[in-house]
Amino acid sequence: MSELIRNQLQCIFFMICCGMTVGIITELFHMLIERISKRKISAIIIRIMQCVVTAYIIGEFLLYADNGKVSILAAISILAGVLLWLKFFYGIIAVGDENGEERQKTKRI
């Protein structure tokens, strides 16, 4: 296997992991909004914090996987990771609360 293929496979693997991490963070922030947010302004602040955390995570994964180079391969891999999270793992964090059973039944995908 050549060095180029090895580097691309490494980039794909790490960016899929990044997408799954972004899925986890997104679900945790949605749970935080549902439980804490009583006003619209607090939900907006939490969403802004979610965007900052997500951007930081993507930047760190890109720096590790491909020296910070943004590419179509990395973007597709992140999207694939998020879709994997939504397809297989979405809703398992909220199983312990009263809304967890409803979220299990109404998966996004």
Side-chain angles (χ1 to χ4, degrees):
M1 188 177 334
S2 71
E3 187 68 28
L4 177 65
I5 294 172
R6 188 176 300 124
N7 287 341
Q8 287 179 344
L9 289 175
Q10 179 184 7
C11 178
I12 289 171
F13 174 73
F14 283 116
M15 297 318 288
I16 285 176
C17 292
C18 174
M20 294 182 80
T21 305
V22 167
I24 292 170
I25 296 298
T26 302
E27 186 172 358
L28 290 175
F29 273 101
H30 281 286
M31 284 177 41
L32 185 67
I33 288 172
E34 289 174 3
R35 292 180 186 210
I36 294 177
S37 174
K38 302 288 189 237
R39 297 182 188 158
K40 191 172 187 177
I41 190 73
S42 61
I44 292 172
I45 292 171
I46 292 173
R47 295 254 186 222
I48 291 171
M49 287 178 14
Q50 174 190 353
C51 291
V52 169
V53 170
T54 301
Y56 178 76
I57 288 172
I58 290 173
E60 289 296 314
F61 270 92
L62 273 174
L63 185 64
Y64 183 76
D66 208 10
N67 292 328
K69 186 171 60 172
V70 179
S71 64
I72 294 175
L73 178 67
I76 291 172
S77 299
I78 291 172
L79 180 64
V82 170
L83 291 176
L84 281 173
W85 172 261
L86 290 176
K87 182 69 177 168
F88 295 111
F89 302 111
Y90 179 75
I92 62 172
I93 293 177
V95 170
D97 64 357
E98 62 269 359
N99 296 331
E101 294 160 1
E102 293 176 14
R103 291 182 74 187
Q104 282 285 13
K105 293 176 186 173
T106 59
K107 284 190 174 184
R108 290 185 189 175
I109 295 178

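Heavy atoms only: backbone and side chains are in, while hydrogens, waters and symmetry mates are out.
Residues Ile24 and Val52 are members of separate hydrophobic clusters, defined by side-chain heavy-atom contacts under 4.5 angstrom among Ile, Leu, Val, Met, Phe, Trp and Tyr. Following chains of ILVMFWY side-chain contacts shorter than 4.5 Å, one cannot reach Ile44 starting from Phe29, and the two form parts of different hydrophobic clusters.
Other members of the hydrophobic cluster containing Ile76, listed by chain and number, are Ile72; membership follows side-chain contacts under 4.5 Å among ILVMFWY residues, whether direct or relayed. The hydrophobic cluster containing Ile5 also includes Met1, Leu9, under a criterion of side-chain heavy atoms closer than 4.5 Å among ILVMFWY residues, counted directly or through chains of members. The hydrophobic cluster analysis finds Leu63 isolated: no Ile, Leu, Val, Met, Phe, Trp or Tyr side chain comes under 4.5 Å of it, directly or through other members.
Remark: Ser42 pairs with Ser37 by the side-chain hydrogen bond (donor to acceptor under 3.5 Å, both in side chains) rule, at least two apart or across chains. A search for side chain to side chain contact (heavy atoms under 4.5 Å, CB included) contacts involving Cys17 returns Phe13, Phe61, not counting sequence neighbours.
The side-chain hydrogen bond (donor to acceptor under 3.5 Å, both in side chains) pairs that include a residue from residues 69-84 number zero, where partners must be two or more places apart or lie in different chains. Applying the side-chain hydrogen bond (donor to acceptor under 3.5 Å, both in side chains) rule to pairs touching residues 51-61 yields nothing, sequence neighbours excluded. Screening residues 9-24 for salt bridge (charged side-chain N to carboxylate O under 4.0 Å, His left out), with sequence neighbours left out, gives no hits. Applying the salt bridge (charged side-chain N to carboxylate O under 4.0 Å, His left out) test to pairs two or more places apart or on separate chains, none has a residue in residues 70-80. Applying the salt bridge (charged side-chain N to carboxylate O under 4.0 Å, His left out) test to pairs two or more places apart or on separate chains, those with a residue in residues 4-20 are Glu3-Arg6. Contacts classified as side-chain hydrogen bond (donor to acceptor under 3.5 Å, both in side chains) and involving residues 7-19 (residues at least two apart or in different chains) are not found. Under the salt bridge (charged side-chain N to carboxylate O under 4.0 Å, His left out) criterion, no residue pair touches residues 8-24, with sequence neighbours excluded.
The distance from atom CZ of Arg47 to atom NE2 of His30, rounded to the nearest 0.5 Å, is 5.0 Å. Note that NZ of Lys40 is 13.5 Å distant from CD1 of Ile45, once rounded to the nearest 0.5 Å. Residue Ile25 holds its CD1 atom at 9.0 Å from CD of Gln50, rounded to the nearest 0.5 Å. In this structure, the separation between CD1 on Ile46 and CD1 on Ile41 is 11.0 Å, given to the nearest 0.5 Å. Taking CD1 from Ile33 and CG from Leu28, the interatomic distance works out to 11.5 Å, rounded to the nearest 0.5 Å.
Annotation: side chain of Met15 is not in contact with side chain of Leu73 (no heavy-atom distance under 4.5 Å).
Closest of all the heavy-atom pairs between Ala65 and Cys11 is CB-CA, 4.2 Å. Leu62 and Ala74 get closest at one heavy-atom pair: CD2-CB, 3.7 Å.
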